[in-house]
Amino acid sequence: QVQLVESGGGLVQAGDSLILSCVASGRPSRHSMGWFRQAPGKEREFLAAIHWNDDITSYEDSVKGRFAISRDNAKTTVYLAMNGLKPADTAVYYCAAQRQFIWQPRGQYSYWGQGTQVTVSS
């Protein structure tokens, strides 16, 4: 079992930057982690993922170059750094973890946080 708690969301202006954090408990070093978002009336969207053991990352094309996923050395916290935010980035952002030792960035995620709201004003 992995427990996830996101933080760092808020109200920002277009062009601003924001860093989201996801604190994981329950042996998170064995789990590949991902960030997703869901805007009102839209399906949940994959954004980025990081391998459970290596520094391998994967990004959705729409955020590549603007968003960056990383994790601390203890692998207890995963970050999503977001630059050049746009109103279209407004959504609830979720952190998620795959079952241990799996690396399928766009595959199934078994554990989810509660989400953190990001609102970008124009």
- prompt: Of all heavy-atom pairs between Thr119 and Gln117, which one has the smallest distance, and what is that distance?
  reply: OG1-NE2, 3.3 Å
message: Using the rule that Ile, Leu, Val, Met, Phe, Trp and Tyr join whenever any side-chain heavy atoms are under 4.5 Å apart, tell me whether Tyr111 and Ile102 fall into a single cluster.
response: no
message: Do Tyr79 and Cys22 make a side-chain contact, defined as non-hydrogen atoms from C-beta onward lying under 4.5 Å apart?
response: no
message: Can a donor-acceptor pair be found, under 3.5 Å and without considering hydrogens, that links the side chain of Ser21 to the backbone of Thr77?
response: no
Pairwise distance CD(Gln13) to OG(Ser122) - rounded to 0.5 angstrom: 9.0 Å
- prompt: Below 4.5 Å, heavy atoms only, C-beta onward: do Tyr59 and Ile69 meet side chain to side chain?
  reply: yes
task: To the nearest 0.5 Å, tell me how far Leu80 CG sits from Ile19 CD1.
output: 9.5 Å
- prompt: More than 12 heavy atoms of other residues, nucleotides or ligands under 6.0 Å from CG of Asp55: is that the case?
  reply: no
Val5 versus Gln114, closest heavy-atom pair with distance: CA-OE1, 3.8 Å
message: Quick check against the 3.5 Å criterion: does Ser17 have a side-chain atom that pairs as donor or acceptor with the backbone of Asn83?
response: no
message: Are Tyr94 and Arg37 packed together at the side-chain level, in the sense that at least one heavy-atom pair is separated by less than 4.5 angstrom?
response: no
Smallest separation among heavy atoms of Leu47 and Tyr93, with atom names: CD1-CE2, 3.5 Å
- prompt: For Gly115 and Val92, which heavy atoms make the closest approach, and how far apart are they?
  reply: CA-CG1, 3.9 Å
- prompt: Are Arg66 and Asp89 close enough for a salt bridge, meaning some N to O gap below 4.0 Å?
  reply: yes
query: Under 3.5 Å, is there a donor-acceptor pair linking the side chains of Gln108 and Ser110?
result: no
message: Treating Tyr109 as the side-chain partner and Ser32 as the backbone partner, does any N or O pair qualify as donor plus acceptor under 3.5 Å?
response: no
- prompt: Between atom CG of Asn73 and atom OG of Ser29, what is the distance when rounded to the nearest 0.5 Å?
  reply: 12.5 Å
- prompt: Do the non-hydrogen side-chain atoms of Lys75 and Asn53 ever get within less than 4.5 Å of each other?
  reply: yes
field: Closest non-hydrogen atom pair between Val2 and Ala97, with its separation
entry: CG1-CB, 4.3 Å
field: Euclidean distance, Met33 CE relative to Gln98 CD, rounded to 0.5 Å
entry: 10.0 Å
message: Does any part of the side chain of Phe36, heavy atoms only, come nearer than 4.5 Å to the side chain of Glu45, both counted from C-beta?
response: no
task: Measure across Lys42 and Gln38 and return the closest heavy-atom pair with its distance rounded to 0.1 Å.
output: O-NE2, 3.0 Å
task: State, with a plain yes or no, whether a side-chain heavy atom of Trp112 is found less than 4.5 Å away from one of Arg44.
output: yes
- prompt: Salt bridge between Lys64 and Asp61, side-chain N to carboxylate O under 4.0 Å?
  reply: yes
- prompt: Is there a donor-acceptor contact under 3.5 Å linking the side chains of Ser25 and Gln3?
  reply: yes
- request: Determine, using ring centers only, whether His31 and Phe101 are less than 6.0 Å apart.
  value: no
query: Under 4.5 Å between side-chain heavy atoms, hopping through other hydrophobics if needed: is there a path connecting Phe67 to Phe46?
result: no
- request: For side-chain hydrogen bond (donor to acceptor under 3.5 Å, both in side chains), just list the numbers for Arg106 and Ser58, CA-CA rounded to whole Å, side-chain angles, deciding distance to a tenth of an Å, and then say yes or no.
  value: CA-CA 9 Å; Arg106 289 168 176 77; Ser58 177; 3.1 Å; yes
task: Test the Arg99-Trp52 pair against the cation-pi criterion, namely NZ or CZ under 6.0 angstrom from the six-membered ring centroid and within 45° of the ring axis.
output: no
message: Just so I know, are the side chains of Leu18 and Leu85 near enough to count as touching, which here means a heavy-atom distance under 4.5 Å?
response: yes
query: Is any side-chain heavy atom of Glu6 less than 4.5 Å from a side-chain heavy atom of Leu20?
result: no
